[in-house]
Amino acid sequence: MKNKFELAFIEKLIFSNYKIRSKAIQINGEIDDNFKLISRNDTYFFKIYAVNTEKEFVKFQVDILSSLKKNKKTSNNKPAVNGSLFGSFTDKNNNLRFYRMNSWIEGRLWSKVNPINKSLRFELGEVSAKISKELKIIKKSYERKNFHWDLQNFLWIENYVNEFKDPQINRVKKLIKSFKKEEGKYKKFRKSIIHNDINDNNIIVSKDLKDPEISGIIDFGDCVYTQLINEVAIVCTYAIIGSKNPLISACEVLEGFNNILKIKEEEIDLLYNLILMRISISLLKSNLNSKLNRENKYLLISQYDMEVLFKDWSKINKQLATCFFRKYCGYIPHKNEKQFYKLIKKNNSSLSILFKGLNKKNIQPIDLSVSSNWLDNEMILDDKVFDQKLKLIESNKLPCGGYLEVRPVYDSLDYEKITDYGAENRSTHLGIDFWVKEKTSVYSIKDGLVKIITNDKTKKGYGGLIILEHLINDIKYYSLYGHLSDQEKSKIKKGQKIKKGQKIGEIGNKKENGGWAPHLHFQILLTLLGFKNDFPGVCFFNEKEVWASICPNPEKILDIKLPAAKIKNNDKLILKRNEYLGANLKLSYKSPLHIVRGLNQFLFDNHGRKFLDTVNNIAHVGHQNINVTKAAKKQLGILNTNTRYLHEEILILSEKLLQKFPNKLSKIYYVNSGSEANELAIRMSEIYTNSNNHIVSKGGYHGNTNYAINLSNYKYSKKGGGGKPKNIYEIPLPDMFRGKHRGKNSSKNYFSYVEKIVKHSKRKKEKISSMMIEPIISCGGQIELPKTFLKKCQNLFKKNNILLICDEVQTGFGRVGEKYWGFELYDVIPDLVTLGKPMGNGHPIGAVVCTKEISDKFNNGIEFFSSFGGNPVSCKISNEVINEVESEKLQQNALFVGNYLKSGLNKLGKKHSIIGDVRGKGLFIGFELVDQKLNPLEEKAKYLKNRMKDLGFLMSNDGIDHNVIKIKPPMIFDKKNADNLLFYLDLVLKEDYIKYG
Ligand SMILES: Cc1ncc(COP(=O)(O)O)c(C=O)c1O
């Protein structure tokens, strides 16, 4: 029975026994009275045990903490001044009450930590194993007979099966049956004293919100002498609450535990069930408790968590889980793998049996991997092109391959799973594909038994499937033949015996091959894992080792050798990069990505992970856009030379481009980059005005060449930048949110700086030549210019013969949605416009567009020539980019999706006060992370960017304070992409570091 203690009484009790002056705060405790004691120098935990607690038990608790002295992740006993580690007093009701005190572990509860990451789970595993290791020292355990929370007593649950909800009951009954079957073996497992309750409220995590660590484990009140493996099951149970991939999360804990205390194979065999047993006990306990105590919210939450976990864990195949556990403990995932390979060496089959008479010398390996040079995107997007390319292979050859190949082709929802790392696609192929003609006969590789014969009825259509069971010594294995013709018409039936070399089917047509060219998917399995007709032929990359063990290499049984799928090691690439390239050529992200393929708005890394690209406005009409690629390939095969010859392509492009500009802008010059375009524009302006002073904005970036750097406050004002050159005049960044002048009506204020500069220069007789500015200042942080700022500037410039140069390198070609060019947003016509990035969709091309007057003056006797600028290939590509923007209505898309995304971000801003401002036009958007006082939050922006990468989104942080998240994706970015982005941004914005860091 609990009775309320006055805090003053506690404080007095502490002082008289420990000589510590402290402030006592009552904290949660189910049966005991617990207090936090804050003294001048230290914080302590003080416990008064419930009435009738045995002295033996209190002593046991004290012994535990004493034995854990070496462990830095547990508390120490605090002795009273008389040296005793526990004491007693008589309470108001004349009951004897024991008490004790220990050091306080600072931190926060695991249950409140968001996100729980892999390294935290691994560390938890390690810490719990270290505790188990030290608890071994205790000679005598406190005897707890029939303790409900001790997994070895699991069968008490039998009398309460009906307390579970309907679908759970059968599962629990099965679990009980299985436990009874295995109990004999289990009883012999090594035993130890274990904590027995490392639950999410007994794990203390450090207050470091970015890289949290385990600070300690508390509450040894449930310690018991039992099977050591029970501890692993318990730690796993609570560490996977809320995980979208509980099996992998459990493995992360297990790996940590095993790193300290090696887990035995027979223990692993029971781990899946032991976790479900703990979940069941926990669920039953909260069911029973909530009946008694309906008001207790805490109980209801834990009941809900356990219900979800029960369902999720039950869905996992036990055998598969065991393979995963084995892998994470350093064992071969499937027990029979090694033996299988050994046996099959002497007893294999051959390709000439699978396809009667086929000679293995005729095989032709083909590479369908994500980094393949053979598989271009057109083949992925258009199966007819794939077919054509296959046909180019000599007719007597058999194209084949694919074991453990990471492929970019599995794009449908069938292959997608939402994990703790966002939406991930299965990508790694587990069989070998043989690209043979439709109706080619297929023969059994061995004597066997028909285990599964079926037809895929889904819309996608994977055709007929047959799985045969074989035996080699006492090892069972299976051969799987997929994409056959309609097996319903087959005479072969389930259960039928099949002879080696007996015909079992024919290759299906295209429809029966998931839309691909006819082929056989051939796979070997060591178990069926309970799958009926949908055994996976492809797995997640990070599960590859386990699945490769379950599905051994079919080459071994077919007696063929194909080149092994190779994946370059990122660390090696980084080393080489550091060796060959300058150190200021930076990589994005804390752990850099190795990107090997682009496909529309997505990029793929070498592991087949697909990322939604929200950053790259260079890939304007989509990464490796098919039409652009085709145009480039075609022209490259015909002619690529300089502009000293007549060629139509440059004229077609010029006509097309100039049509997009006001009539006044009628001349165009081609170069190879944005920097070059700006360099040229400045040179032209200086020739035209006969002066070399220029106005730029703070935060502006205009390129990497000498002059472009001199025009880029974003670069020259930074460390190593050399500062503002003498001939450059700066205006403040016209930032209406956090700039010198704020609010929509700040055009006049920002214009006043331009006015002052012009006046000043007149006075000093240092004439200004031009002002170079972007319509939305990108590196400065997606800064839209105040509405009438540019117009005011232009009016002033006209009177003073100053040129307005608009840098449209980032904003051009329809990106801003409402208009084709950014300057059009402000009702001005610049004198020069510079183009770059999107113009070639990744191919290097830039341009300067100007008035005839400027062009005429530039023609001052020196020839203008660029070796590559305006070459037929570049012009062809650029023409195609413009066509795509038009034919795919990408400007309209930018307007629609951009507005949709902006409104979504604004909604997020209402939920998350860290979003200070959302701005931009079309698909050129930015949102700014600030605190309540509008201070920029660079570290949080970086955190958000890195977390979004973990979840499959590429984003960038920029701005003068690096606290702006920029969104400028390929223009094909659609509403669904926007929804996904918003969903995951919302998740990350809820994370501890963003909320409380
Ligand atoms: C606004 C602006 N202008 C010019 C450039 C320079 O273009 P490039 O890198 O093609 O030389 C950049 C590049 O980021 C830019 O953002």
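Counting starts at 1 for both ligands and their atoms, following the listed order. Model, not experiment: these values are computed from the prediction. Computed over heavy atoms, backbone and side chain alike; hydrogens, waters and symmetry mates excluded.
The pair E755-K792 does not count as a salt bridge, with every side-chain nitrogen at least 4.0 angstrom from each carboxylate oxygen. K942 and E939 are joined by a salt bridge, as a carboxylate oxygen and a charged side-chain nitrogen come within less than 4.0 angstrom of each other.
Ring-plane geometry between H741 and Y750 is classed as perpendicular, the angle between the planes exceeding 60 degrees on a 0 to 90 degree scale with a lower cut at 30. Ring planes of F858 and F864: tilted class, angle from 30 to 60°. Using a 30° and 60° split on the angle between ring planes, W821 and F813 fall in the perpendicular class, above 60°.
Near ligand 1, residues S673, G674, S675, N678, Y701, H702, G703, E774, D807, V809, Q810, K837 come within 4.0 angstrom through at least one heavy atom.
Looking at every heavy atom in both residues, Q601 comes nearest to D974 through NE2-OD2, 4.1 Å.
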